[in-house]
Amino acid sequence: MDARELKIAAAKAALEHVEDGMRLGIGTGSTADEFVRLLAEKVAEGFKVQGVPTSERTARLCVELGVPLYSLDDLPELDLTIDGADEVDNALGLIKGGGGALLREKIVASASARMIVIADETKLVDTLGRFPLPIEIAPFGLTATRMAVERLASRLGLTGEIVQRPDKDGPYLTDGGHFILDASFGRIPDAEALANGLVAIPGVVEHGLFLNMADAAIIASQSGARTLLAKT
Ligand SMILES: O=C[C@H](O)[C@H](O)[C@H](O)COP(=O)(O)O
């Protein structure tokens with residue numbers, strides 16, 4: 001299986017958890033896109049879901065393929081969210097936000113009774129941090145906020161570059177109009193301390209550490225898709 005086929009395999013396995021009539025959070029990224037494509041096929045066959053997208057990108061794909069969409073204000077309580085991830089550790093801690101959708105993804109996942117992550121095995125890590133951690137920040141006070149993040153990192157013994165994510169014609173802007181800092185820490189031994197420290201910085205809108213949120217991760221590899229369950 002090539003990289004795309006692995007994503008499709010994970011998405012297909014996730015679709016088995018989607019029941020007729022569900023209120024569904026729909027993630028963002030190339031793996032979530034595969035899920036949307038498979039979901040759209042079922043919808044075309046008469047399967048009913050009410051989808052809440054986690055980004056404008058996902059919303060566009062759903063509209064194009066005919067997946068019925070609602071806002072989170074229409075449906076503030078969801079049955080299930082299916083989403084991709086940039087990294088997954090053994091405790092189902094995640095790094096997300098490589099596609100810039102972390103804020104809406106976290107809000108939607110938090111409003112869901114269950115979250116299932118879909119990924120290929122290259123995303124599995126022992127310790128989070130190989131993938132640069134996206135930190136969404138308010139444009140106002142960018143430098144002060146970045147310095148506060150650097151001070152926090154240094155207190156926690158984290159080293160590595162923290163760079164503002166660029167786009168074609170300037171800084172990258174999220175769907176919410178915020179900037180992103182990508183922090184290349186390499187390894188984050190205490191992700192919880194970092195998460196708590198980041199949310200305490202006023203200019204930080206959200207960060208890409210999703211801890212204790214995923215209930216299961218469906219990991220696709222050459223030998224098939226296997227499900228890892230969160231320890232309760
Ligand atoms: O902001 C984007 C999301 O967190 C994605 O779920 C994550 O980046 C994984 O994307 P992909 O499935 O394309 O690797």
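Each ligand, and each atom within it, is numbered from 1 in the order the structure gives.
Protein residues with a heavy atom under 4.0 Å from ligand 1 are Thr28, Gly29, Ser30, Thr31, Asp83, Gly84, Ala85, Asp86, Lys96, Gly97, Gly98, Gly99, Gly100, Ala101, Glu105, Lys123.
Put simply, the side chain of Pro171 does not reach to within 4.5 Å of the side chain of Arg165, judged on heavy atoms.
Counted by atom type alone, Asp120 and Thr122 present one or more donor-acceptor pairs between their side chains at under 3.5 Å. Side chains of Thr28 and Arg57: no donor on one and acceptor on the other come within 3.5 Å.
Residues satisfying the salt bridge (Lys or Arg N to Asp or Glu O under 4.0 Å) test with Arg23, not counting sequence neighbours, are Asp79.
Counting Ile, Leu, Val, Met, Phe, Trp and Tyr side chains that sit under 4.5 Å apart, directly or through other members, Val163 stands alone, with no cluster partners.
Evaluation of the side chain to side chain donor-acceptor pair (under 3.5 Å) test over residues 3-17, restricted to residues two or more places apart or in two chains, returns Arg4-Glu34, Lys7-Ser30.
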